[in-house]
Amino acid sequence: MLLPAQLETDSSPEDPPLVSPTVKLSDGRHIAYRERGVPKAKSNCKIIIVHGFGSSKDMNFQVPQELIEELGIYFLLYDRAGYGESDPNPKRSVKSEALDIQELADQLQLGPKFYVIGVSMGSYPIWSCLKYIPERLAGVTMVVPVINYRWPSFPDSLTREDYRRPLAKLLYWVAKYTPGLLHWSVTRKWFPSPSVMEEKPVFFNKRDMEALKKTEGFPMLTKERLREQSVFNTLRNDFLVCYGDWDFDPMELTSPFPQNQNCVHIWQGYEDKIVPFELQRCISKKLPWIQYHEVADGGHLLVHYNGLREAILRAMLLGEEHHLYRPSADKTVP
């Protein structure tokens, strides 16, 4: 059942009314959130879901009520800094994403440990959690996690001919050094809108296209929303942090669960046109404590496929693995 909305208690009288409940962080910023699933006090597991680029706490993560009640799942979804109803963070960094999650969990009294699920660009906060707050994690899942080509552990032989690498480098340069030009270009009529991109499968495969018919797609990426300076700034800053220089290499991390090798999961689509499966396989090879799952006909919108959310939860919470999601051996990784 859905939990009732809670009222904000520490807003000043002049603050604008908020639709969603919020918490006030130690630096004064407000983070908006919503709760789903069984009541927190009666839950067996508390899961924080981290949305991706252009999304929000209202992302679609529908799970059958029967499974929620069977496993006693409480879900917490929140707007990352600058998204939705949350205040922007002018000092956003890879580390600040993990600290926001930790403080949100503490203020909502989730307990000493909680689960985290990050989707697409919402996965870089999860890598940050593995680095900075590993002792708080009960289990971890990343769904089609983004790849940062600046990570030094990627072998050049694997990334040299990847067409996404120079594209990511160019977009990063444009976003960092010519923000005005970028803002102007993404709001022009000749620039492809999300609706056009959704009609033409440049970024999505067949199953993605079917999923888009049942979801709102990317409402924050419309030309109307991008004209809003605050929306553009949030997306630009998020992109720059995600694809910039990190102060650690994820592939040098150690397992936060040394006694259990099945608590960190990556889910990847073999037909993903945004994130190459070869690099995800490379990560899982270098970090054998990660349980790697691959969907043979999956694209980048795995989280919206029927049955996949249930499989993701059962793998993370119960250690179940379906043979359909084991990677094929048709391509090797250096």
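Computation of the quantities below employed the complete heavy-atom set of this structure, encompassing side-chain atoms and omitting hydrogens, waters and symmetry-equivalent molecules.
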Inset, instruction - Say whether Tyr163 and Trp173 are linked into one hydrophobic cluster, either directly or through other cluster members, by side-chain heavy-atom distances under 4.5 angstrom. - result: no

Inset, instruction - Mind running side chain to side chain contact (heavy atoms under 4.5 Å, CB included) on Val23 and His30 for me, showing each step along the way? - result: CA-CA 6 Å; Val23 298; His30 290 81; over 6 Å; no

Inset, instruction - Would you check if Val174 and Tyr172 make a side-chain contact, meaning some heavy-atom pair closer than 4.5 Å? - result: no

Legend entry - Heavy-atom donor-acceptor pair, Asp208 side chain to Leu301 backbone, under 3.5 Å: yes

Inset, instruction - Give, for atom CG of Leu25 and atom CD1 of Ile31, the distance between the pair rounded to the nearest 0.5 Å. - result: 5.0 Å

Inset, instruction - Tell me, please, which residues at least two apart from Gln229 pass side chain to side chain contact (heavy atoms under 4.5 Å, CB included). - result: His183, Phe232, Asn233

Inset, instruction - Examine Trp267 together with Tyr325 and report whether their ring centres are nearer than 6.0 Å. - result: yes

Legend entry - Residue pairs involving residues 130-149 (criterion salt bridge (Lys or Arg N to Asp or Glu O under 4.0 Å); sequence neighbours excluded): Asp106-Arg136

Legend entry - Set of side chain to side chain contact (heavy atoms under 4.5 Å, CB included) partners for Leu318, sequence neighbours left out: Leu71, Arg314, Glu320

Inset, instruction - Give, for atom NZ of Lys95 and atom CD1 of Ile133, the distance between the pair rounded to the nearest 0.5 Å. - result: 11.0 Å

Legend entry - Backbone of Gly84 reached by a side-chain donor or acceptor of Ser56 within 3.5 Å: no

Legend entry - Sequence neighbours excluded, every pair satisfying salt bridge (Lys or Arg N to Asp or Glu O under 4.0 Å) that has a member inside residues 298-312: none

Inset, instruction - Would you check if Ile101 and Pro125 make a side-chain contact, meaning some heavy-atom pair closer than 4.5 Å? - result: yes

Legend entry - Sidechain-backbone polar pair: Ser55 side chain, His51 backbone, donor-acceptor under 3.5 Å: no

Legend entry - Donor-acceptor contact present, side-chain Arg326 to main-chain Tyr292, <3.5 Å: no

Inset, instruction - Evaluate the criterion salt bridge (Lys or Arg N to Asp or Glu O under 4.0 Å) for residue pair Asp297 and Lys206; output intermediate values, then yes/no. - result: CA-CA 8 Å; Asp297 60 349; Lys206 182 178 180 180; over 6 Å; no

Legend entry - Flag side-chain contact, heavy atom, 4.5 Å: Phe75 against Ile48: no

Legend entry - More than 12 heavy atoms from other groups under 6.0 Å of OH on Tyr177: no

Inset, instruction - Check whether any side-chain heavy atom of Leu279 lies under 4.5 Å from a side-chain heavy atom of Leu158, and answer yes or no. - result: yes

Legend entry - With Tyr132 via ring-ring contact (aromatic ring centres under 6.0 Å, His included) - residues at least two apart: Phe248

Inset, instruction - For residues Glu103 and Ser26, report the shortest heavy-atom separation together with the two atoms involved. - result: OE2-N, 2.5 Å

Inset, instruction - Could you pull out all residues at least two apart from Asp245 that satisfy salt bridge (Lys or Arg N to Asp or Glu O under 4.0 Å)? - result: Arg150

Legend entry - Partner set under salt bridge (Lys or Arg N to Asp or Glu O under 4.0 Å) for Glu271, not counting sequence neighbours: none

Legend entry - Heavy-atom check, side chain of Met316 versus side chain of Tyr115, under 4.5 Å: yes

Legend entry - Aromatic ring proximity Tyr270/Phe277, centre distance under 6.0 Å: yes

Legend entry - Heavy-atom side-chain contact between Asp162 and Glu278 under 4.5 Å: no

Legend entry - His300: partners by side chain to side chain donor-acceptor pair (under 3.5 Å), with sequence neighbours left out: Ser120, Asp272

Inset, instruction - Verify the distance criterion only: is there a donor paired with an acceptor across the side chains of Arg165 and Thr159 at less than 3.5 Å? - result: yes

Inset, instruction - May I have the step-by-step check of salt bridge (Lys or Arg N to Asp or Glu O under 4.0 Å) for Arg225 and Glu228, ending in yes or no? - result: CA-CA 5 Å; Arg225 294 302 310 280; Glu228 300 175 33; 3.0 Å; yes

Legend entry - Spacing of Gln280 atom CD and His293 atom NE2 [to the nearest 0.5 Å]: 12.0 Å

Legend entry - Main-chain N/O of Leu240 paired to Arg92 side chain as donor or acceptor, under 3.5 Å: no

Inset, instruction - Check for a donor-acceptor pair, side chain of Ser123 on one end and backbone N or O of Ile126 on the other, with a separation under 3.5 Å. - result: no

Inset, instruction - Side-chain contact test, heavy atoms from C-beta onward, threshold under 4.5 Å: evaluate it for Gln268 versus Val295 and give yes or no. - result: no

Inset, instruction - Would you confirm whether Thr234, through its side chain, and Ser230, through its main-chain N or O, come within 3.5 Å as a donor-acceptor pair? - result: yes

Inset, instruction - Just jot down the side chain to side chain contact (heavy atoms under 4.5 Å, CB included) partners of Leu235, sequence neighbours excluded, or say none. - result: Phe53, Tyr83, Met220, Leu221, Leu226, Val231

Legend entry - Gln109, CD atom: more than 12 neighbouring heavy atoms under 6.0 Å: no

Legend entry - side chain to side chain contact (heavy atoms under 4.5 Å, CB included) partners for Leu324, two or more places apart: His322

Inset, instruction - Kindly determine whether Ile73 and Ile47 satisfy side chain to side chain contact (heavy atoms under 4.5 Å, CB included), including the steps that lead there. - result: CA-CA 7 Å; Ile73 304 173; Ile47 302 176; 3.7 Å; yes

Legend entry - Leu182 vs Leu171 side-chain heavy atoms within contact, under 4.5 Å: no

Legend entry - Flag, side chain of Arg207 to backbone of Gly299, donor-acceptor distance under 3.5 Å: no

Inset, instruction - May I ask you to check whether Asp238 and Tyr124 show a side-chain donor-acceptor distance below 3.5 Å? - result: yes

Legend entry - Pair Lys169-Tyr243, side chain to side chain contact (heavy atoms under 4.5 Å, CB included): steps then yes or no: CA-CA 9 Å; Lys169 184 176 182 179; Tyr243 290 100; over 6 Å; no

Legend entry - Counterpart residues, salt bridge (Lys or Arg N to Asp or Glu O under 4.0 Å), relative to Arg29 (two or more places apart): Asp27, Asp100

Legend entry - salt bridge (Lys or Arg N to Asp or Glu O under 4.0 Å) against Lys57, all qualifying residues, sequence neighbours excluded: Asp79, Glu85

Legend entry - Residue pair Tyr33 / Glu35, side-chain donor-acceptor N/O under 3.5 Å: no

Inset, instruction - Any chance you could lay out the salt bridge (Lys or Arg N to Asp or Glu O under 4.0 Å) test for Glu97 and Arg80, step after step, and finish with the verdict? - result: CA-CA 8 Å; Glu97 293 286 316; Arg80 295 198 290 123; 3.2 Å; yes

Inset, instruction - Nearest 0.5 Å please: distance from the CG atom of Leu99 over to the OG atom of Ser128. - result: 6.5 Å

Legend entry - Ser93 side, atom OG; Asn237 side, atom CG - distance, nearest 0.5 Å: 11.5 Å

Legend entry - Pair Glu210 + Lys213, salt bridge at N-O below 4.0 Å: yes

Legend entry - Neighbour count above 12 (heavy atom, 6.0 Å) for Lys113 NZ: yes

Inset, instruction - Please check if the distance between the ring centroids of Phe154 and Trp151 is under 6.0 Å. - result: yes

Inset, instruction - Give a yes or no on whether the backbone of Cys242 and the side-chain of Asn148 come within a donor-acceptor separation of less than 3.5 Å. - result: yes

